[in-house]
Amino acid sequence: MLQSNQKIQSYTYLNEGLDFIFESVEMGVLIENMNRQVEFANQVFCDLFNIQLAPHQLKGTSIIENLPHFSLQFEDAAAFEKSITQIPATQLIKNEKWKTCDGKILLRDYIPLFKDNELKGHIWMYREQKQTTTLQPQAATSIIENAFDHLPGEIAIFDTDAKIVFANKAYISSNEKRIWAKGKTLSQYFSYANLSTETALFRMENIKKAIQEKQAVSWEELSIAPTKSKQYHLRTCYPVFNTQKQIESVIEQSIDISVQKSLEARLKQVIQQFFNTLDKVNDIIIQTNDELKLEFINKAWEEITGQSIAAYNGNSIFDILSVKRYELYGKMFAVLSGEASEKSGLLTIQAKDGKEKYLQYNLQPTFSVDDKQGVLATFTDITNQQLQQSQLLELVKREKELNELKTAFVNMVSHELRTPLTVISSSAEILDLMLQSGKSHGEVSIYTKQIIDEVEKMTAFMQDLLMVSKIEAGKIELNPSPSNIAAFIEKVVANGFNPWKDGRSTDIQIKRTPVKTAIDEKMLEHALHNLLTNAFKYSSGKANPVVRVSFAKTYFTISVVDNGIGIPAAEIEKLFTSFFRATNAGNISGTGIGLIVTKYFTEQHKGYVLVKSQINKGTIFTLKLPYLQ
Amino acid sequence: MSQHIVLVIEDEPAILNNICTILQISGYQFIKAANGAEALQALATQTPQLILCDVMMPGMDGFEVLKTIRQNPATQHIPFCFLSARADVVDIDYGLHSGANGYLTKPFTAKDLIETAKRLLG
C-alpha cells in the first residue's frame with residue numbers, strides 16, 4: 001500500500017510554476033527532492049502506476065519506502081528498483097524502456113533538477129510507447145500530412161465551408177501562419193498574410209464550384225515571382241466524397257506549369273513568326289485540310305487577286321478557284337489521295353480589277369502526324385514574265401518584220417536603180433561603139449532618149465523616196481487652188497496613161513454635175529498617178545482601167561478601178577505601210593511607196609482612201625474628198 | 001564562122017533592145033522575147049545556141065522559164081544565163097544552183113555581156 005504524505009508541510013517545493021505545465025502534459029511526471037521525497041506527481045503518473053491516491057496526496061512521501069509498489073509494475077522489478085536507488089545524479093537519460101507486467105512498454109526520461117548550479121532534485125517522466133504496428137488514425141493523418149509537406153506542389157484541404165483543414169508547407173511555408181490558418185477561409189488567411197485577396201476569392205469561388213458541381217475544377221493562375229518572372233500554376237480543386245457519396249472536403253492542388261507555358265508561348269511566337277513570314281512571301285500559299293477546306297491563305301492572295309482572305313476562310317478551296325478547272329481539281333485529288341507526291345501546272349485567273357493573271361502552281365500533300373493530309377498549294381504570279389515574254393516575242397516579231405522590210409527596201413531600191421542603170425549604161429555603150437566604129441545601129445536619138453528617160457525615172461524614184469521621208473516627217477503642206485476636176489482628171493490620164501506602155505488606155509466616167517472646188521493639183525496628180533500606175537501594172541492583159549469621178553452634195557469621189565490580180569484581204573490594212581508589197585505582187589516591180597504618198601496627199605485634203613478588192617477580180621481605190629474653198 | 005543565135009528574154013523593152021543591139025554589133029543573131037511565154041513560143045520553132053533571161057518578169061519568172069527549158073529534151077542542152085537586178089550573193093548562188101550556166105547582174109557592161117556569151121558558147 002502506498003503511503004500518503006503525512007508530513008506534507010516538511011518538503012521543499014522546488015519547482016514553482018512547473019506543476020501547472022506538468023499537470024497538463026500527457027506524460028506521467030514525478031519530481032523528488034534530494035531527500036528522496038515526492039515534490040510533485042501528476043494524474044498521468046498516478047494512472048500509469050495504478051496509484052489510487054490523488055496526485056497531491058503523494059507530495060512529501062518517501063520514494064524509497066514506496067519503491068516496492070512502483071517496481072511491482074515491471075517484469076524486471078529488481079532492475080527498476082536499482083535504477084531508482086542509484087541515481088546517476090547529473091546525467092540526462094532519455095527513452096529508457098521498461099516493460100510492464102501487462103505487456104506495455106513505458107518510456108522513461110530522467111532529468112536532474114538544478115537550481116543555482118546545485119543539484120536540487122530529480123524529475124522522472126513516464127510515457128507509454130505507442131504501438132507502431134497498429135497505426136492510430138491520428139498518426140496516419142500526420143504521416144500523410146508530413147508527406148504532403150514534402151511535396152513541391154501546393155496542397156490544401158478545405159472543409160465544405162471552404163475553411164482550411166490542412167495546408168502543406170508549399171502552400172503556407174511558415175509554421176506559425178499554418179497553425180493560424182487552420183479553420184480559417186483562404187480570404188481570411190490571405191488578408192492575414194498580406195496577400196492578394198482577389199486571388200483568395202477566386203480560389204474560394206472555385207472550391208465552392210467544385211462542391212456545387214461535384215466535379216474537379218481547373219484553372220491557370222498567373223503570379224509574379226520575387227524574381228519578377230512570371231509563374232503559371234495549373235490549380236485544381238478535387239471534391240472528396242465519403243462512403244455515402246457526400247462531399248466531405250475539397251483538395252486544392254497546384255502544379256507549376258511555367259516551363260510549359262513559356263514553351264507554349266515560344267511555340268506560339270514561332271508559329272506567328274512563321275505565318276508572318278508566309279505573309280511576306282510573294283507567292284500565294286494555300287493550305288487545306290483533308291476535305292480541301294481552307295486552313296490558311298497568305299496575304300499574297302489579296303495582293304495578287306485583289307480579293308479579301310476573310311471572305312474565304314474555312315470554305316472549300318473550290319470557292320476560291322470558282323471557275324471550273326477540271327485539270328487543277330484532278331491534280332489536287334491526285335495529291336490528296338497520295339496517288340501523286342507533287343503536281344504542277346499553269347492557271348489563269350481574273351483579278352478583281354478585271355485583269356488576267358497567270359499563276360504557276362505547285363501542289364504537295366501537307367505534313368501530317370495522323371492520316372489526315374491536306375494539300376499545300378503555292379501559286380507564283382508569272383503575269384509579268386508572261387507579259388514580258390509576249391512583249392519580247394512581239395519585239396522579236398517586229399524586229400523580224402523590220403529586217404524583212406529593210407531587206408525588201410534594199411532589194412527594191414537596188415532593183416529600181418539597177419534597171420534604169422542597165423538601160424543607161426547599155427545605151428551609152430552602144431553610142432560609144434557607134435562612135436568608135438563609125439557605123440550606125442539605128443537612130444542615135446533612140447539611145448539618148450532612153451538615157452534621158454531612165455535618168456528621169458531614177459530622179460522620180462529618188463523624189464518618191466524623199467517624199468516618203470518628208471511625209472513621215474510631216475514636212476509637206478497643202479496648197480489648194482480652184483480647179484476643174486474633169487479637166488484635171490483628163491490631164492492626169494493624158495500624162496502616161498492614155499495609152500499605157502502596153503497599149504491599153506484609161507476610161508474616164510464622170511457622174512453628176514461637176515462641182516467647183518479647190519485642190520492641190522500637184523498633190524492629187526501624184527496620188528492619182530500612183531493609183532493609175534498600179535491599176536495598169538497589176539492588170540496586165542486585162543480590160544482598161546477606169547477612172548470614175550462622182551460628185552455628191554458634200555464630197556466628191558475619184559475611183560480608180562482595175563480588173564487585175566487583187567489584194568489578199570488580210571493584207572489590205574498593211575497596204576499603206578512603207579515599202580509593203582502584197583504577197584501576190586510577184587515579179588511585178590514596185591517600190592511600196594506609191595500608196596503611202598496617195599494616202600498622205602488625200603488626207604491633206606481632209607479626205608480618205610477606201611480600198612475594195614477581190615483576188616483575181618480586181619481592185620477599186622477610191623479617194624473620198626470634201627469640197628475645199 | 002556561122003553566127004550563133006541568142007534568145008534574149010527581158011520584160012523591160014529598152015534593156016531588151018540594147019542587149020540585142022550589142023549582140024548584133026558583136027556578130028550574134030538574136031531572138032527577142034518580152035516574157036517567158038514568148039520565149040517558149042520562139043523555142044518551139046527555133047533552137048538558139050544561148051539563152052539570156054531576166055529573172056523578175058510578170059507572169060512566168062526566169063526560174064520557171066529555166067525549169068521548162070530544162071525539162072524539154074529539145075532545149076535542155078542550151079546554155080542558159082540569168083540577167084538580174086538581184087545582185088545579192090544569195091540570189092546568184094540560188095540562180096546558179098537552179099541549173100543556170102551563168103548569172104549576169106544588172107547593170108552589166110557590153111564587155112561583160114559578150115565575154116559571158118563567148119564563154120557559154122564555148
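First the proteins, then the strands, lettered A, B, ... as listed; each starts at 1.
- Closest approach of B:K111 to A:E429, counting heavy atoms only: N-OE2, 4.3 Å.
- Rounding to the nearest 0.5 Å gives a distance of 9.5 Å between CD of B:Q24 and CD1 of A:I430.
- The contact list for residues 115-122 of chain B toward chain A, using heavy atoms and a distance under 4.5 Å, is empty.
- Partners of A:D562 by side chain to side chain contact (heavy atoms under 4.5 Å, CB included), not counting sequence neighbours, listed by chain and number: A:A535, A:S539, A:T619.
- Residues satisfying the side chain to side chain contact (heavy atoms under 4.5 Å, CB included) test with A:K574, not counting sequence neighbours, are A:T577, A:F580.
- Only the side chain of A:S425 comes within contact range of chain B, with at least one heavy atom under 4.5 Å from a heavy atom of that chain.
- Screening residues 401-426 of chain A for salt bridge (charged side-chain N to carboxylate O under 4.0 Å, His left out), with sequence neighbours left out, gives A:R398-A:E401.
- Note that the OG1 atom of B:T21 and the OH atom of A:Y447 stand 3.0 Å from one another [nearest 0.5 Å].
- Rounding to the nearest 0.5 Å gives a distance of 9.0 Å between OG1 of A:T422 and CG of B:L83.
- In this structure, chain A has heavy atoms under 4.5 Å from both the backbone and the side chain of B:T109.
- Here the straight-line distance linking atom CG of A:L431 with atom CG of B:N18 works out to 9.0 Å at 0.5 Å rounding.
- Within a 6.0 Å radius of CZ in A:F461, more than 12 heavy atoms belonging to other residues, nucleotides or ligands are found.
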**OP:** Given side chain to side chain contact (heavy atoms under 4.5 Å, CB included), test B:I15 with A:S426 step by step and report yes or no.
**Re:** CA-CA 8 Å; B:I15 297 176; A:S426 55; 5.7 Å; no

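- Summarising the local packing, NZ of B:K32 is surrounded by more than 12 heavy atoms from other residues, nucleotides or ligands at distances under 6.0 Å.
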**OP:** Decide yes or no on side chain to side chain contact (heavy atoms under 4.5 Å, CB included) for B:K106 and A:L421, but give the supporting numbers first.
**Re:** CA-CA 8 Å; B:K106 293 176 181 175; A:L421 278 174; over 6 Å; no

